[in-house]
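Residues: numbered from 1 along the sequence shown.
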Amino acid sequence: MANQNFLPIAIDIANQKILIVGGGQSAYNKLKILQRHNAEVEILAIDVCDEIKNSGVKYMQAPYHKSYLKDYLMLYSCSNNEELDRQIEKDCREEKVLVNIHDKPSRCQFVSPAIYRHGNISVAVSSNGENVYESIRIRNLIKDKLQLED
């Protein structure tokens with residue numbers, strides 16, 4: 001497998017439709033992050049956890065089907081189902097929807113970095129999806145340093 005080579009970019013997702021497939025804790029954690037950026041997030045899953053149900057976000061309790069991809073900018077799959085993830089990746093690439101398969105950087109078109117935001121300044125640390133915890137550790141070091149200088 002070739003190493004991933006993600007381009008670190010900042011993208012405005014405010015009011016953009018983003019679909020999360022999966023209704024468990026991983027999906028809820030991703031939802032919380034995306035809501036901080038004012039995205040129009042929707043959840044698609046057969047089983048949806050109470051935190052998602054109580055979040056105020058639109059959720060659909062149904063099995064995944066390619067027809068759900070219409071009009072989404074990107075999709076995060078938090079299904080923890082290898083077969084479903086393969087189908088989602090294939091469908092998203094065909095439909096030109098950016099796809100992220102949770103904890104599978106080799107299957108992703110994009111990864112989300114560890115982000116620190118202070119006012120209009122954002123610092124993003126990425127490890128090309130290979131070492132999330134190291135990205136978070138470095139992000140926190142930067143955050144601590146910047147807070148000392150405020």
Side-chain angles (χ1 to χ4, degrees), residues 1-61 64 68-69 71-82 84-86 88-89 91-93 95-150:
M1 175 183 82
N3 288 339
Q4 297 295 102
N5 192 15
F6 294 103
L7 171 68
I9 64 170
I11 183 171
D12 182 6
I13 61 169
N15 303 311
Q16 295 294 316
K17 287 182 68 174
I18 298 174
L19 182 62
I20 298 174
V21 176
Q25 196 60 47
S26 296
Y28 178 65
N29 292 340
K30 187 56 64 181
L31 169 64
K32 290 189 303 185
I33 292 167
L34 294 171
Q35 285 180 318
R36 290 191 300 233
H37 297 277
N38 300 316
E40 186 182 323
V41 183
E42 297 178 355
I43 306 288
L44 173 66
I46 295 171
D47 296 314
V48 177
C49 69
D50 289 339
E51 291 91 346
I52 291 173
K53 288 179 180 178
N54 296 326
S55 70
V57 72
K58 178 180 175 183
Y59 65 91
M60 301 163 280
Q61 286 190 265
Y64 168 81
Y68 281 106
L69 296 179
D71 298 326
Y72 287 99
L73 173 67
M74 59 181 61
L75 178 148
Y76 288 88
S77 179
C78 300
S79 73
N80 296 317
N81 179 318
E82 185 66 31
L84 178 58
D85 285 345
R86 271 195 302 276
I88 288 171
E89 178 187 10
D91 293 346
C92 284
R93 288 176 186 270
E95 296 298 316
K96 308 295 188 239
V97 174
L98 292 171
V99 62
N100 176 288
I101 307 295
H102 181 71
D103 286 343
K104 304 272 191 301
S106 65
R107 312 269 307 282
C108 297
Q109 289 180 293
F110 69 96
V111 293
S112 297
I115 300 169
Y116 168 65
R117 175 174 279 166
H118 181 77
N120 286 328
I121 301 298
S122 294
V123 176
V125 180
S126 177
S127 63
N128 276 334
E130 294 299 319
N131 192 336
V132 173
Y133 296 109
E134 182 67 1
S135 296
I136 292 169
R137 186 186 74 76
I138 292 170
R139 184 252 347 245
N140 290 342
L141 289 172
I142 293 167
K143 175 183 172 184
D144 293 345
K145 176 67 174 160
L146 292 176
Q147 286 179 337
L148 289 175
E149 296 178 2
D150 282 347

(request) Test side-chain contact (heavy atoms from CB on, under 4.5 Å) on Glu51 and Gln25 and set out the steps. (result) CA-CA 8 Å; Glu51 291 91 346; Gln25 196 60 47; 3.9 Å; yes

(request) Indicate yes or no for a side-chain donor-acceptor contact from Gln61 to the backbone of Ile46 under 3.5 Å, with no hydrogens or angles considered. (result) yes

(request) Working to the nearest 0.5 Å, report the span between CG of Leu75 and CD1 of Ile88. (result) 6.0 Å

(message) With a 4.5 Å cut-off on side-chain heavy atoms, are Gln16 and His37 touching?
(response) no

(request) Of all the heavy-atom pairs spanning Gly22 and Ala27, show the shortest one and how long it is. (result) O-CB, 3.1 Å

(request) Answer with yes or no whether the side chains of Tyr64 and Ser77 bring together a donor and an acceptor at under 3.5 Å. (result) no

(request) Take Glu42 and Tyr72, measure what side chain to side chain donor-acceptor pair (under 3.5 Å) needs, and give me the verdict at the end. (result) CA-CA 10 Å; Glu42 297 178 355; Tyr72 287 99; 2.3 Å; yes

(message) Would the distance check show the side chain of Arg139 and the main-chain N or O of Ile115 forming a donor-acceptor pair, the cut-off being under 3.5 Å?
(response) yes

(message) Taking Ser127's backbone N and O only, do any of them form a donor-acceptor pair with Ser135's side chain (distance below 3.5 Å, no angle check)?
(response) yes

(request) Taking the side chain as every heavy atom from C-beta outward, state whether Asn29 and Ile33 have any pair of such atoms under 4.5 Å apart. (result) no

(message) Measuring from atom CD1 of Ile43 to atom CE of Met60, what distance do you get when rounded to the nearest 0.5 angstrom?
(response) 8.5 Å

(message) If we ignore hydrogens and angles and just use 3.5 Å, is the side chain of Asn100 paired with the main-chain N or O of Tyr76 as donor and acceptor?
(response) no

(request) Given salt bridge (Lys or Arg N to Asp or Glu O under 4.0 Å), test Glu89 with Arg86 step by step and report yes or no. (result) CA-CA 5 Å; Glu89 178 187 10; Arg86 271 195 302 276; over 6 Å; no

(request) Find the distance between CG (Leu19) and CG (Asp71) and round it off to the nearest 0.5 Å. (result) 11.5 Å

(request) Find the distance between CD1 (Ile11) and CG (Leu73) and round it off to the nearest 0.5 Å. (result) 5.0 Å

(message) Checking side-chain contact (heavy atoms from CB on, under 4.5 Å) between Leu69 and each of Val21, Val97, Val99, which is the one that passes?
(response) Val97

(message) If I compare all heavy atoms of Ala124 with all of Pro113, which pair ends up nearest, and what's the gap?
(response) CB-CG, 3.6 Å

(request) Might you confirm whether atom CG of Asn54 has over 12 heavy atoms from other residues, nucleotides or ligands at distances under 6.0 Å? (result) yes

(request) Test side-chain contact (heavy atoms from CB on, under 4.5 Å) on Ile52 and Ile20 and set out the steps. (result) CA-CA 11 Å; Ile52 291 173; Ile20 298 174; over 6 Å; no

(request) Output the distance between atom CG (Asn38) and atom CD (Glu40), rounded to the nearest 0.5 Å. (result) 11.5 Å

(request) Given side-chain contact (heavy atoms from CB on, under 4.5 Å), test Val57 with Gln35 step by step and report yes or no. (result) CA-CA 9 Å; Val57 72; Gln35 285 180 318; 4.2 Å; yes

(request) Hey, could you give me the CE/SG distance between Met74 and Cys108, rounded to the nearest 0.5 Å? (result) 11.5 Å

(message) Before you tell me yes or no, could you show the steps for Ser55 and Leu31 under side-chain contact (heavy atoms from CB on, under 4.5 Å), namely the whole-Å CA-CA distance, both residues' side-chain angles and the distance that decides it to 0.1 Å?
(response) CA-CA 9 Å; Ser55 70; Leu31 169 64; 3.6 Å; yes

